Every structure is written in C-alpha cells, then in structure tokens.
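Heads up, the thing below is written out as structure tokens.
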Amino acid sequence: YNTPDRHPLVDFNITSSLNKFAQQAGKIIIYHSREDLVVPFDNAELYNKELPDSKLRIFDSRGHFNDEHFPELVKDVRDLFNS
C-alpha cells in the first residue's frame with residue numbers, strides 16, 4: 001500500500017472499527033470522481049464495499065472536488081434533515 005502512486009489513507013483500516021463507525025456516522029455517503037488525481041477511484045469502491053449500508057455517489061470530471069460549489073452535497077445534507 002505504501003507506493004508513490006497510492007494515497008496515504010489507503011492504510012486506513014476501516015474494518016477494525018466498522019460497526020462503531022457505522023453506528024456513529026448514521027447515513028454514510030461516499031463521494032468520488034473518476035478523475036480524482038489525489039485518491040484512486042478504487043479506494044471509494046473499497047470503502048463502499050466495507051460499509052455495505054453506504055451509498056457511493058460517482059462523478060465524472062470533478063477531480064478532487066476543489067470546486068466552490070458542490071450542489072449534490074448540499075442537497076444530500078438537506079435531505080438528511082428533511083427525512
């Protein structure tokens with residue numbers, strides 16, 4: 001996992017505290033763009049697999065989400081409070 005082309009968070013072991021994490025977080029939404037040059041796309045897929053109740057929102061051409069506006073995130077947060 002510690003190769004130059006991998007993001008350092010790959011070493012994060014989510015499975016060791018999976019139940020606690022899922023209970024504390026409630027609804028989990030993972031956002032990832034296929035063109036993220038910082039975090040490989042397969043990381044999002046791995047986290048989504050390890051957190052079976054999570055939702056993976058996939059974007060194209062959004063890079064590492066350095067945008068000023070992220071309307072999809074705003075909508076998801078609003079939906080959490082309106083459900």
Side-chain angles (χ1 to χ4, degrees):
Y1 283 110
N2 290 327
T3 62
D5 62 332
R6 301 294 296 205
H7 190 271
L9 285 179
V10 177
D11 292 336
F12 176 66
N13 185 353
I14 202 165
T15 56
S16 65
S17 58
L18 183 60
N19 289 333
K20 185 175 181 181
F21 180 77
Q23 288 172 351
Q24 290 177 343
K27 185 173 183 177
I28 300 169
I29 304 172
I30 301 166
Y31 300 86
H32 208 290
S33 176
R34 292 185 190 276
E35 287 76 28
D36 188 333
L37 298 178
V38 178
V39 180
F41 183 75
D42 62 341
N43 284 12
E45 293 175 321
L46 289 171
Y47 290 139
N48 186 236
K49 181 181 176 186
E50 293 297 326
L51 296 161
D53 293 331
S54 66
K55 178 179 179 181
L56 176 58
R57 299 226 25 216
I58 301 169
F59 297 86
D60 293 314
S61 303
R62 297 289 287 274
H64 194 60
F65 295 105
N66 293 324
D67 305 330
E68 275 189 46
H69 303 284
F70 197 161
E72 299 87 355
L73 175 66
V74 172
K75 180 185 180 314
D76 286 341
V77 171
R78 285 185 176 152
D79 288 349
L80 287 173
F81 289 101
N82 293 326
S83 58

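Please read these numbers as outputs of a predicted model, since none were measured by experiment. Computation of the quantities below employed the complete heavy-atom set of this structure, encompassing side-chain atoms and omitting hydrogens, waters and symmetry-equivalent molecules.
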>> Check for me whether R62 meets the cation-pi criterion with F65, that is, NZ or CZ under 6.0 Å from the six-membered ring centre and within 45 degrees of the ring axis.
In response: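 The answer is no, since R62 fails at least one limit relative to F65.
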> Do you know the tightest heavy-atom contact between D36 and V38?
Replying inline: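 Nearest pair, atom of D36 first, then V38: OD1-N, 2.7 Å.
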> What's the shortest heavy-atom distance between S33 and S61, and which atoms?
Replying inline: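 Looking at all heavy atoms of both residues, the shortest contact is OG-N, 3.7 Å.
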> Between Y31 and F59, how do the two ring planes meet: parallel, tilted or perpendicular, split at 30° and 60°?
Replying inline: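 Y31 vs F59 ring planes: parallel.
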So, taking the atom named [atom1] in [X] and the one named [atom2] in [Y], what distance separates them when rounded to the nearest 0.5 Å?
| X | Y | atom1 | atom2 | result |
| --- | --- | --- | --- | --- |
| L56 | K49 | CG | NZ | 14.0 Å |
| E50 | I28 | CD | CD1 | 12.0 Å |
| D79 | I29 | CG | CD1 | 8.0 Å |

>> Determine whether V39 and H32 satisfy the following criterion, side chain to side chain contact (heavy atoms under 4.5 Å, CB included), listing intermediate values before the conclusion.
In response: CA-CA 9 Å; V39 180; H32 208 290; 3.6 Å; yes
> Between the side chain of N82 and the main-chain N/O of R78, is any donor-acceptor distance below 3.5 Å?
Replying inline: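 The answer is yes, because a donor-acceptor pair under 3.5 Å joins these two groups.
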>> The test is side chain to side chain contact (heavy atoms under 4.5 Å, CB included); show your working for L37 and H64 and say whether it passes.
In response: CA-CA 7 Å; L37 298 178; H64 194 60; over 6 Å; no
> Would you call R57 and D76 a salt bridge, taking side-chain N to carboxylate O under 4.0 Å as the test?
Replying inline: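 Looking at R57 and D76, the cut-off is met.
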> Do the side chains of K55 and I30 get nearer than 4.5 Å, heavy atoms only?
Replying inline: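 No - every pair of side-chain heavy atoms lies 4.5 Å or more apart.
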> Hey, quick one: are L51 and F41 part of the same hydrophobic cluster, counting side-chain heavy atoms closer than 4.5 Å, chains of contacts allowed?
Replying inline: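 As far as the 4.5 Å side-chain criterion goes, F41 and L51 are connected within one cluster.
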